[in-house]
Amino acid sequence: MKEYSREYPLFSLCGLNCGLCPNFEENTSAEAAFKCPGCGGAAFYQKHPTCAIVSCALRHGGVQYCNLCNEYPCARYNTREPYDSFITYRHVRQDFAKAKGAGFAAYKVDLEEKMRLLQTLLQNYNDGRRKSFFCTAVNLLQPEELKTVLKELAQQTKPESTLKEKATFATSLLNQAGEKSGVDLKLRKKK
């Protein structure tokens, strides 16, 4: 596969929200060896030298997003991905539909808002063990649900609370929001 770059690496060619992935490189430089620059970001080729989706897109005229391909939805999208990796695959088709319907500029605004909400969770409520959970929750919940959780956290968290207590409370509120919406906030891992 030849080197691949994209103007906006935070929303991937295949529909993942790279900016909400726990391996996205902007989250911390301390773990740079394990970080990903997002789809087609700087040094993407070194992290993912054999991305099958990039190869497919190049064969199909270099589409910017799979849902813009003449063959979308192909077999990859007609079959639900049964497992997640570092990031959830559950909303890929839904996110593509939203991006196509509202336009990618509007989707970019929504994604960047979710990234800001995620950063608030990570900076104020992550005890070092919740990053993946917070990334999954922000991927799967709607921005208004996340704002409600953050508002409640700000109102009910005591200044003397430990980071572990804050993290536990944040996790509880996010799980409640997920239950209310019928969304399971766990990554689907292979057993």
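Please read all numbers here as calculations on a predicted model, not as lab measurements.
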Legend entry - Where Leu118 and Gly19 come nearest, the two heavy atoms and their spacing: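 Between these two residues, the closest heavy atoms are CD2-O, 4.3 Å.
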
Does any non-hydrogen side-chain atom of [Y] lie less than 4.5 Å from one of [X]?
{"X": "Leu117", "Y": "Val149", "result": "no"}
{"X": "Gln64", "Y": "Tyr8", "result": "no"}
{"X": "Leu16", "Y": "Cys39", "result": "no"}
{"X": "Lys166", "Y": "Leu153", "result": "no"}
{"X": "Tyr125", "Y": "Leu150", "result": "yes"}

Legend entry - Any residue meeting salt bridge (Lys or Arg N to Asp or Glu O under 4.0 Å) with Arg116, in chain and number order, not counting sequence neighbours: none

Legend entry - Shared hydrophobic cluster, Phe86 / Phe133 (ILVMFWY, side-chain heavy atoms < 4.5 Å):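 No, separate clusters.
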
May I ask you to decide if [Y]'s main-chain N or O and [X]'s side chain share a donor-acceptor pair within less than 3.5 Å?
{"X": "Lys35", "Y": "Asn23", "value": "no"}
{"X": "Ser161", "Y": "Lys158", "value": "yes"}
{"X": "Ser172", "Y": "Thr168", "value": "no"}
{"X": "Thr88", "Y": "Arg90", "value": "yes"}
{"X": "Thr171", "Y": "Ala167", "value": "yes"}

Quick one: pull up [atom1] in [X] and [atom2] in [Y] and give me the separation to the nearest 0.5 Å.
{"X": "Phe134", "Y": "Leu185", "atom1": "CZ", "atom2": "CG", "value": "11.0 Å"}
{"X": "Ser85", "Y": "Lys190", "atom1": "OG", "atom2": "NZ", "value": "10.5 Å"}
{"X": "Leu20", "Y": "Leu111", "atom1": "CG", "atom2": "CG", "value": "5.0 Å"}

Inset, instruction - Considering only NZ, NE, NH1 and NH2 on the basic side and carboxylate oxygens on the acidic side, decide whether Asp110 and Lys98 come within less than 4.0 Å. - result: yes

Legend entry - Salt-bridge criterion met for Asp127 and Lys164 (N-O under 4.0 Å): no

Inspect the surroundings of [atom1] in [X] and state if more than 12 heavy atoms from other residues, nucleotides or ligands are less than 6.0 Å away.
{"X": "Arg76", "atom1": "CZ", "value": "no"}
{"X": "Asn78", "atom1": "CG", "value": "yes"}
{"X": "Glu160", "atom1": "CD", "value": "yes"}
{"X": "Lys189", "atom1": "NZ", "value": "yes"}
{"X": "Glu165", "atom1": "CD", "value": "yes"}

Below 3.5 Å, can you tabulate the donor-acceptor pairs from side chains in residues 137-144 to any protein atom, sequence neighbours excluded?
from   : atom 1 : to     : atom 2 : distance (Å)
Asn139 : OD1    : Asn17  : ND2    : 3.2
Asn139 : ND2    : Cys135 : O      : 3.2
Glu144 : OE2    : Lys147 : NZ     : 3.4

Inset, instruction - Decide yes or no on side chain to side chain donor-acceptor pair (under 3.5 Å) for Tyr4 and Arg6, but give the supporting numbers first. - result: CA-CA 7 Å; Tyr4 178 75; Arg6 297 167 54 78; 3.0 Å; yes

Legend entry - ring-ring contact (aromatic ring centres under 6.0 Å, His included) pairs, two or more places apart, involving residues 55-85: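 Listed once each, the pairs are Phe11-Tyr65, Tyr65-Phe104, Tyr72-Tyr77, Tyr72-Phe96, Tyr77-Phe96.
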
